Amino acid sequence: MNYQEKFEITSANASHFSKQFEILITGWRDEDEIRHNYFRKSLPDFKGVIYSFDTCENAERFNYRTESNEGKIIEEVTGKSLIPDLEKLLRDKKITGSNICVDITTLKQGILFILTNLLINRVKPARFFAAYTEPVEYKKRKISVLGETEEYDLYDKIVGSSNPVPGFTKPQSPRDIMLIAPIGFDSQRLQTIYENIKPRSIIPIVGFPSFVPGWNLTAIKMNFMVLKGAECIDMVKTCEAASPFEMFKLLEEEFHRHNHKYDIYISPLGTRPHCLGAALFVSKNRSAYLIYDFPVEKKYRSESVLKADIYNVSKFIA
């Protein structure tokens with residue numbers, strides 16, 4: 001890196017970063033969800049406009065809300081088609097040439113993927129920041145169910161990977177598949193995708209250093225059966241849990257190492273920064289495939305705030 005790209009938000013630099021962008025994009029969540037609002041409330045001198053986005057379960061349609069920096073609702077629109085209405089909205093709101101920040105903490109991945117692609121390839125801002133608020137803990141199941149392997153209580157349901165990721169649809173080829181999958185705490189997600197696409201090989205990626213010491217081992221533990229069945233325990237790679245840049249770099253290395261032999265499918269099932277890194281990579285390398293299973297996240301699934309980071313991802317703008 002020629003310059004620092006990742007910063008922790010502190011009382012000493014919060015005012016500075018408040019003035020680096022005039023548009024903030026976030027997820028659409030309940031206002032009392034601590035991590036959802038933490039970054040926004042950490043910007044004492046932000047005077048811009050806030051856009052909150054939500055999607056339907058398969059990410060085909062989206063809703064958005066526009067607010068002033070004081071929280072006054074300016075506009076609220078529902079039921080728009082993700083393609084082409086999101087790009088049209090970004091152009092109408094004059095995102096091109098603006099300075100923006102996307103808080104990915106609660107932004108649904110279905111919209112994160114296409115939004116990232118639009119921002120770096122089509123509707124190009126002058127500067128592009130992203131932010132993420134790290135959790136102290138995720139909520140665990142209070143009652144264990146006989147035969148249930150999940151330890152954490154993160155999702156209401158999984159829509160599944162049969163639906164293409166909007167903006168990344170492409171025909172399959174007859175070549176063998178290599179699946180590169182940043183993994184999290186969910187034992188069934190990797191298993192289901194593995195069974196659906198039947199890759200010849202898997203490269204799992206765990207977040208290390210992790211937000212909290214030991215979470216990388218938890219991810220391996222929760223996915224152990226599929227890793228063992230796929231005979232890929234020795235293929236596990238590590239990548240800083242909070243770094244989209246390190247994820248981009250790792251995907252780039254593995255893609256160029258294996259794409260002569262396989263079609264590369266990338267399935268980001270881990271942290272939001274890993275999802276951002278995957279979105280950046282696939283947006284810059286369109287011969288890679290993006291596969292996702294669209295989980296419906298539970299409300300209040302995490303507890304407390306560890307810290308908030310801001311990333312300068314402007315260098316990826318085409």
Side-chain angles (χ1 to χ4, degrees), residues 1-29 31-53 66-72 93-107 112 115-116 119-120 124-138 207-213 215 239-249 270-280 302-317:
M1 296 181 189
N2 296 323
Y3 59 92
Q4 187 170 347
E5 299 165 311
K6 173 178 175 250
F7 303 83
E8 180 182 348
I9 295 295
T10 66
S11 58
N13 64 22
S15 178
H16 167 75
F17 284 113
S18 299
K19 302 170 185 175
Q20 300 307 302
F21 47 89
E22 56 269 9
I23 295 172
L24 175 62
I25 295 175
T26 75
W28 190 332
R29 292 288 184 92
E31 295 302 306
D32 59 348
E33 195 165 341
I34 298 173
R35 287 177 61 225
H36 169 63
N37 270 324
Y38 183 82
F39 177 73
R40 175 175 168 180
K41 291 181 176 179
S42 299
L43 304 173
D45 298 312
F46 176 69
K47 304 300 181 185
V49 178
I50 301 162
Y51 293 93
S52 301
F53 285 99
T66 311
E67 300 173 68
S68 69
N69 63 289
E70 298 173 342
K72 180 181 178 182
K93 300 302 181 181
K94 296 180 170 50
I95 300 297
T96 302
S98 299
N99 300 310
I100 73 162
C101 181
V102 180
D103 182 359
I104 65 175
T105 307
T106 57
L107 188 67
L112 170 61
L115 180 64
T116 302
L119 290 175
I120 67 173
K124 303 174 186 178
R127 288 194 295 170
F128 178 11
F129 296 90
Y132 180 71
T133 301
E134 299 180 18
V136 171
E137 182 59 282
Y138 285 109
F208 180 80
S210 49
F211 302 146
V212 174
W215 279 8
C239 176
E240 181 187 348
S243 178
F245 307 107
E246 293 303 314
M247 176 54 64
F248 185 98
K249 180 181 177 182
T271 68
R272 281 293 205 291
H274 281 182
C275 285
L276 175 59
L280 290 166
S302 60
E303 299 176 343
S304 303
V305 167
L306 185 62
K307 63 176 182 173
D309 296 315
I310 187 167
Y311 314 98
N312 185 349
V313 294
S314 302
K315 71 175 186 178
F316 295 104
I317 298 172

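All values derive from a computational prediction rather than experimental measurement. Values below: every heavy atom of this structure, side chains too, minus hydrogens, waters and symmetry copies.
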Using a 4.5 Å cut-off on heavy atoms from C-beta on, say whether the side chain of [Y] contacts that of [X].
X: Y51; Y: I23; result: yes
X: T66; Y: I50; result: no
X: K307; Y: Y132; result: no
X: H274; Y: P244; result: no
X: S243; Y: P273; result: no
X: L119; Y: P125; result: yes
X: N13; Y: I310; result: no
X: I100; Y: F128; result: yes

Can you name the closest pair of heavy atoms from [X] and [Y] and give their distance?
X: T105; Y: T133; result: OG1-N, 3.0 Å
X: A14; Y: S18; result: O-OG, 2.7 Å
X: C275; Y: G270; result: SG-O, 4.4 Å
X: A126; Y: I317; result: O-CD1, 4.2 Å
X: V212; Y: P135; result: CG2-O, 4.2 Å
X: Q20; Y: H16; result: NE2-O, 3.0 Å

*Is R272 salt-bridged to E134, cutoff N-O under 4.0 Å?*
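Here R272 does not pair with E134 in a salt bridge, since their nearest N and O are not under 4.0 Å apart.
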Gap separating the [atom1] atom of [X] from the [atom2] atom of [Y], nearest 0.5 angstrom:
X: I25; Y: I95; atom1: CD1; atom2: CD1; result: 5.0 Å
X: R35; Y: D103; atom1: CZ; atom2: CG; result: 9.5 Å
X: C239; Y: E246; atom1: SG; atom2: CD; result: 6.0 Å
X: W28; Y: S52; atom1: CH2; atom2: OG; result: 7.5 Å
X: S68; Y: K47; atom1: OG; atom2: NZ; result: 10.5 Å

*Test side-chain contact (heavy atoms from CB on, under 4.5 Å) on W215 and T271 and set out the steps.*
CA-CA 11 Å; W215 279 8; T271 68; over 6 Å; no
_Please tell me whether F129 and Y311 form a close aromatic pair, meaning their ring centres lie under 6.0 Å apart._
no
*asked:* Taking the ring of F211 and the ring of Y138, is the distance between their centroids below 6.0 Å?
replied: no
Sequence neighbours left out, cut at 3.5 Å: what donor-acceptor pairs do the side chains of residues 39-46 make with other protein atoms?
| residue | atom | partner | partner atom | Å |
| --- | --- | --- | --- | --- |
| R40 | NH2 | E67 | OE1 | 3.1 |
| S42 | OG | Y38 | O | 2.7 |
| D45 | OD2 | S15 | OG | 2.4 |

*Start with the C-alpha gap between K6 and E240, add the side-chain angles, then the distance that decides, and say whether salt bridge (charged side-chain N to carboxylate O under 4.0 Å, His left out) holds.*
CA-CA 12 Å; K6 173 178 175 250; E240 181 187 348; 2.9 Å; yes
*When F245 is tested against each of V313, N312, L276, L280 for side-chain contact (heavy atoms from CB on, under 4.5 Å), which residue passes?*
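Per the side-chain contact (heavy atoms from CB on, under 4.5 Å) rule, the option paired with F245 is V313, out of V313, N312, L276, L280.
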*Assess whether atom NZ of K93 is packed by more than 12 heavy atoms of other residues, nucleotides or ligands within 6.0 Å.*
yes
*Just wondering, more than 12 heavy atoms not from I34 lying within 6.0 Å of its CD1?*
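Open.
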*After noting the C-alpha distance and the side-chain angles of D309 and F7, does the key distance pass the side-chain contact (heavy atoms from CB on, under 4.5 Å) rule?*
CA-CA 6 Å; D309 296 315; F7 303 83; over 6 Å; no
*Passes side-chain contact (heavy atoms from CB on, under 4.5 Å), E137 versus S304? Steps please.*
CA-CA 7 Å; E137 182 59 282; S304 303; over 6 Å; no
*List the steps, then state whether side-chain contact (heavy atoms from CB on, under 4.5 Å) holds for V102 with T26.*
CA-CA 6 Å; V102 180; T26 75; over 6 Å; no
*Would you check, one step at a time, whether the test ring pair (Phe, Tyr, Trp, His ring centres under 6.0 Å) holds for F316 with F248?*
CA-CA 10 Å; F316 295 104; F248 185 98; 4.8 Å; yes
